[in-house]
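Naming convention: chains lettered A, B, ... in sequence-line order (proteins, then strands); numbering from 1 in each chain.
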Amino acid sequence: MQMPAPDQAAISALPALLAELESFLPAGAIVAERRSVKAFETDGLSAYRQEPLCAVLPRTTGEVARILKVCDRLGIKVVPRGAGTGLSGGALPLADGVLLVMSRFNRVLDIDLPNRCAVVQPGVTNLGITRAVEGQGFYYAPDPSSQIACTIGGNVAENSGGVHCLKYGLTTNNILGVELVLMSGDVIRLGGRHMDAAGLDLMGVVCGSEGLLGVITEVTVRLLPKPETARAVLLGFLSSEAAGDCVARVIAAGIIPGGMEMMDKPALNATEDFVQAGYPRDAEALLIVELDGPGAEVDHLIGAVSEIADACGATYRRISTSEAERQLFWAGRKAAFPAAGRISPDYLCMDGTIPRKRLPEVLSRMQDLSRKHDLRVANVFHAGDGNLHPLILYDANEGDQLARAEAFGADILRLCVEVGGVLTGEHGVGVEKRDLMPVMFDEVDLNQQQRLKCAFDPTQRLNPGKVFPTLHRCAELGRLHVHRGALPFPDLPRF
Amino acid sequence: MTETLHARDERDVTETVAWALAGNHPLELRGRGSKAGLGHAVAAGHVLDLSRLSGISSYEPEELVLTAQACTPMAEIEALLVQRGQALAFEPPDFGPLLGTGGGTLAGALSCNLAGPRRFKAGAARDHFLGFRGVSGRGEAFKAGGKVVKNVTGYDLCKLVAGSYGTLVALTEVTVKVLPAPESQRTLRLRGVDAQAAMVAAANSAHEVSGLALADGVTAIRVEGPEPSVAYRLRALTDLLGGEPEVLDDAASRQFWREIRDVAAFSRFHDRALWRLSVPPAGGCALAARLAAETGGRSLVDWGGGLVWLEMPDGAPRADIVRGAFSEGHAMLFRAGAEARAGTPVFQPEAPAIAALSQRVRRQFDPQGLFNPGRMGG
């Protein structure tokens, strides 16, 4: 993975930048000393590291606007960062760029239960929102595995998902408004406490834009009343085909579970070693199906799912009988990444989505790829929505294993696209999948996406080098090729 | 005299746009014309009729996705989904009777970001729009999104296209998320209660209501799902809200919410101006009452207060009164005569920085402003 060559002029502008920043930011808000800057050199994709030019930690929207204005004027790039838990390298610093760290925006500003929403600063953690409202019986639905640490601002930038998003949606379906600072320093407010946009849905495209369009300084999130109850079923199968068939039949029966997760044998054994959730070690595939909602409905659906599982040849079934037991079922799944970390010095977590019916074929071809690249792989899978998380196990200190892991990962994602899926279901493109974008999109598709950035950030100083494999100047993207002057199809019906 | 060009496939669309681009011929993009009266009148000498781009390309119930040519009639899609017990969860309204037109298309529902009574729970068209192919105002065919239910690869251009009223791209093929249709439903109808308080209490309860409307002074609350769950929640809501509600059975409930969805109450007098207000839900009932009193009009509240329909007593929009009555949200002049629409911003005027940004975004898709010029104002 290569980043664009650093701009020496920007690097030499550092003293001028610091002088300007010091004029309006308090002392602790600027981190420029090399030793301290090093703490910010990576995000959740730790295979890649780069020290930023400096890190800046503002507290107010006004400060963010001034920082962006100064950087824009001095020609210095800016990389926004929340908690740095992203798994695709979206917050990987640039050698010639300021790292804009939003962690000090950590206040819940307003909780409005009659309107079922909360206004929060972007550095509030995902779980922090739920913690602020759970006493009153509410919660914030998207729940990425990193929810204890990841911030809502980062969630908006990445359009994060979680295990419950088949039923409750991703971040984009659960936010109502954002405040955004453009690279020009302009502050705009999109959406609010109402449900849809007055004009173009700019908030919709800002969500998931991976820090390339603007810096989010405030978010209005939807709150949901906590379901009356939730119960989970653990199901063991002798093959991933049988487990996949069970998932398809549950959905065909009209049931959308709160969560429906699959793990293959290596993943379930690694997590079982780590948290002892009581998973059946002899199963080839494990399903966790969670039903939530009114008690009567959950009991009814648990019965329906159990019958379907029996018909699909489940060899193991355990239904949670208490909240503690339900939490235990999830403890293993939610610890799947650290569990992989225990059985391997390093791992790469992939994130493709496939049409679910292609799962057996994809898993089998993944085993072929595992042999080809001579690296182990464990699979966790948001089974309901077809989102795969293969964990490629490697040791960065062993020869060319990192390069092999990257190549293995790229092969898996190519496979996902080949069977009709996509490169990323919830982690974002970042730098990790940037160079694979042409596998899914042709040049016209990518150019049209990049033009959108020109409307928000015409000088392309905000997080460049992420998402798109080739940087184009906006002037070049804007060029029109007009080549036809007459209606070229005489047979076109017209009247 | 407007000339209509009928495209048969994406290639026709591409070539037509290339021609329009070369000669600077603005185009009115049209499916079946059911919503041609929404927004401002379009200043274009040619209509690009896309209605022949019709037909369902693939439907995989177990994958929860459906791909169709853009202008497939909504009725055809709904008829297919119902056979497999599925539906578009955003309950797309049929505004034909309201606007004096006919049935619409899938691309039309997406382009206008339609949403029915389930909006506050299940989202709008935008939330179910997974991917598309289309032709930009640059005359280039391109695609965005994907054909799976979960995807964050690249910018989410579907969100931008939803609600863009055909000003960004001529859609040729779209992929949407489909979901199981609720097995059964019933509706509680309450009289003589504080409607807003009842709606907030129901929406904030754990009973998963999926419809909250106030029509003719009656508060209506819908529950959907498996029968045992519906019965259980209906009891719980009755206990919670008190009073002696009337209960609509499954068939009556479906009929009732279809009428709410399509705003049937206001489909009789097409010469009366009609507003659609999207506001924070907790203030919706009060706003509706105040505006009805002030204008002599009639109101209908949906989405637990988040959506207010206001029918004027005549053809005058009274925009100052309507837009002056709230501070958060927006009001769209949904139906009005040509003269009224020409004299009133149909869409709520936006803050200058947002309007400017929106215009820059439009120009990145349609640099010469060929598609539906003027439709969204500006």
Side-chain angles (χ1 to χ4, degrees), chain A residues 113-115 159 173 186 188 192-201 204-205 208-209 225-228 248 251-252 254 256 293-294 296-297 300 353 355-356 385-387 420-426 428-429 440 444-445 448-449 451-452 454-455 480 482 484-485 487-489 492-495, chain B residues 4-6 12 15 18-19 21-22 62-63 85 119 123-124 126-127 136 138 140 142-143 146-156 159-160 162-164 180 200 204-206 208 225-226 228-229 232-233 278-282 306 328-330 347-348 350 353-354 358 360-361 364 367 376:
Chain A
L113 295 181
N115 283 307
N159 191 12
N173 313 110
D186 288 346
I188 58 173
R193 295 184 298 170
H194 54 285
M195 283 176 244
D196 54 13
L200 289 185
D201 187 358
V205 81
S209 63
K226 264 171 76 175
E228 189 178 285
I251 286 173
I256 298 293
E297 179 168 322
H300 173 77
T353 303
R356 230 181 318 92
D385 43 30
N387 188 197
V422 299
L423 294 174
T424 170
E426 58 180 355
V429 176
M440 188 168 150
V444 178
D445 303 335
Q448 189 53 53
Q449 294 207 27
R451 277 185 204 105
L452 178 72
C454 296
L480 263 177
V482 178
R484 285 202 170 110
L487 268 176
F489 36 93
L492 185 78
R494 50 207 294 201
F495 45 83
Chain B
T4 300
L5 307 165
H6 295 264
D12 279 355
E15 298 198 347
W19 162 80
L21 197 58
E62 286 156 25
E63 303 288 340
R119 171 69 177 94
R126 75 188 284 278
D127 297 290
S136 72
R138 305 171 52 85
E140 295 168 339
F142 73 104
K143 67 176 175 299
K147 293 183 177 177
V148 288
V149 293
K150 195 172 176 193
N151 175 24
V152 296
T153 317
Y155 296 128
D156 192 353
K159 296 286 182 298
L160 201 55
S164 68
V200 169
N204 288 12
S205 77
E208 298 193 355
S229 170
Y232 169 88
R233 286 182 286 154
S278 175
V279 292
E328 252 185 279
H330 54 92
F347 296 92
Q348 180 92 17
E350 294 182 293
I354 295 177
S358 296
R360 294 201 297 276
V361 168
Q364 294 297 338
M376 295 186 81

Between B:S164 and A:L200 the two heavy atoms that sit nearest each other are CB-CD2, 3.6 Å
Heavy-atom pairs under 4.5 Å with chain B, option from A:G208, A:S209, A:G420 with the top count: A:S209
State plainly whether the residues A:E426 and B:K150 are in salt-bridge range, i.e. N to O under 4.0 Å. yes
Shortest non-hydrogen contact from B:R360 to A:A455? NE-O, 2.8 Å
For B:F347 and A:A198, work out which heavy atoms get closest and say how close. CD2-O, 3.6 Å
Less than 4.5 Å apart, side chain to side chain, heavy atoms only: is that true for B:H330 and A:D196? yes
Contacting region of B:R138 [heavy-atom separation from chain A under 4.5 Å]: both
By a 4.5 Å heavy-atom criterion (distance strictly below it), what part of B:V148 contacts chain A: side chain, backbone, both, or neither? side chain
Determine whether more than 12 heavy atoms belonging to other residues, nucleotides or ligands lie under 6.0 Å from atom NZ of B:K147. no
Nearest-0.5 Å distance, NZ of residue B:K143 to CE of residue A:M440: 8.0 Å
Among A:G192, A:A296, A:C454, A:G293, which residue forms the greatest number of heavy-atom pairs with chain B at distances under 4.5 Å? A:A296
Pick from B:A282, B:P226, B:P367, B:P280 with the largest number of heavy-atom pairs that fall under 4.5 Å of chain A: B:P280
Measure A:A197 against the heavy atoms of chain B and call it side chain, backbone, both or neither at under 4.5 Å. backbone
B:L160 and A:L452: side chain to side chain contact (heavy atoms under 4.5 Å, CB included), yes or no, with the steps? CA-CA 10 Å; B:L160 201 55; A:L452 178 72; 3.6 Å; yes
Any idea which heavy atoms bring A:P227 and B:A206 closest together, and the distance? C-CB, 4.4 Å
A:D445 versus chain B, the contacting section by heavy-atom distance below 4.5 Å: both
When you measure from the side chain of B:Q364 to the backbone N and O of A:Q449, does any donor-acceptor pair fall under 3.5 Å? no
By a 4.5 Å heavy-atom criterion (distance strictly below it), what part of B:P281 contacts chain A: side chain, backbone, both, or neither? both
Distance-minimising heavy-atom pair for B:N204 and A:P225: O-CB, 3.6 Å
Taking B:Q348, B:E140, B:E328, B:E350 one by one, which has the highest count of heavy-atom pairs under 4.5 Å against chain A? B:E328
Looking at B:A353, B:G154, B:G146, B:G225, which has the largest count of heavy-atom pairs under 4.5 Å with chain A? B:G154
Side chain to side chain contact (heavy atoms under 4.5 Å, CB included) evaluation trace for B:N151 with A:T353: CA-CA 7 Å; B:N151 175 24; A:T353 303; 5.7 Å; no
Between B:S358 and chain A, with a heavy-atom cut-off of 4.5 Å, which part of the residue counts as in contact: side chain, backbone, both or neither? both
From the list A:E297, A:H300, A:E228, side-chain hydrogen bond (donor to acceptor under 3.5 Å, both in side chains) with B:Y232 holds only for A:E228
Measure the CZ-CE distance between B:R119 and A:M195 for me, rounded to the nearest 0.5 Å. 6.5 Å
Residue, of A:G386, A:G421, A:G428, A:P355, that accumulates the most heavy atom pairs under 4.5 Å with chain B: A:P355
Chain A heavy atoms under 4.5 Å from B:E208: which part of the residue, side chain, backbone, both or neither? side chain
How long is the gap from CD1 on B:I354 to CD1 on A:I188, to the nearest 0.5 Å? 5.5 Å
Correct closest heavy-atom pair for A:H194 and B:V279 would be CB-C, 3.6 Å
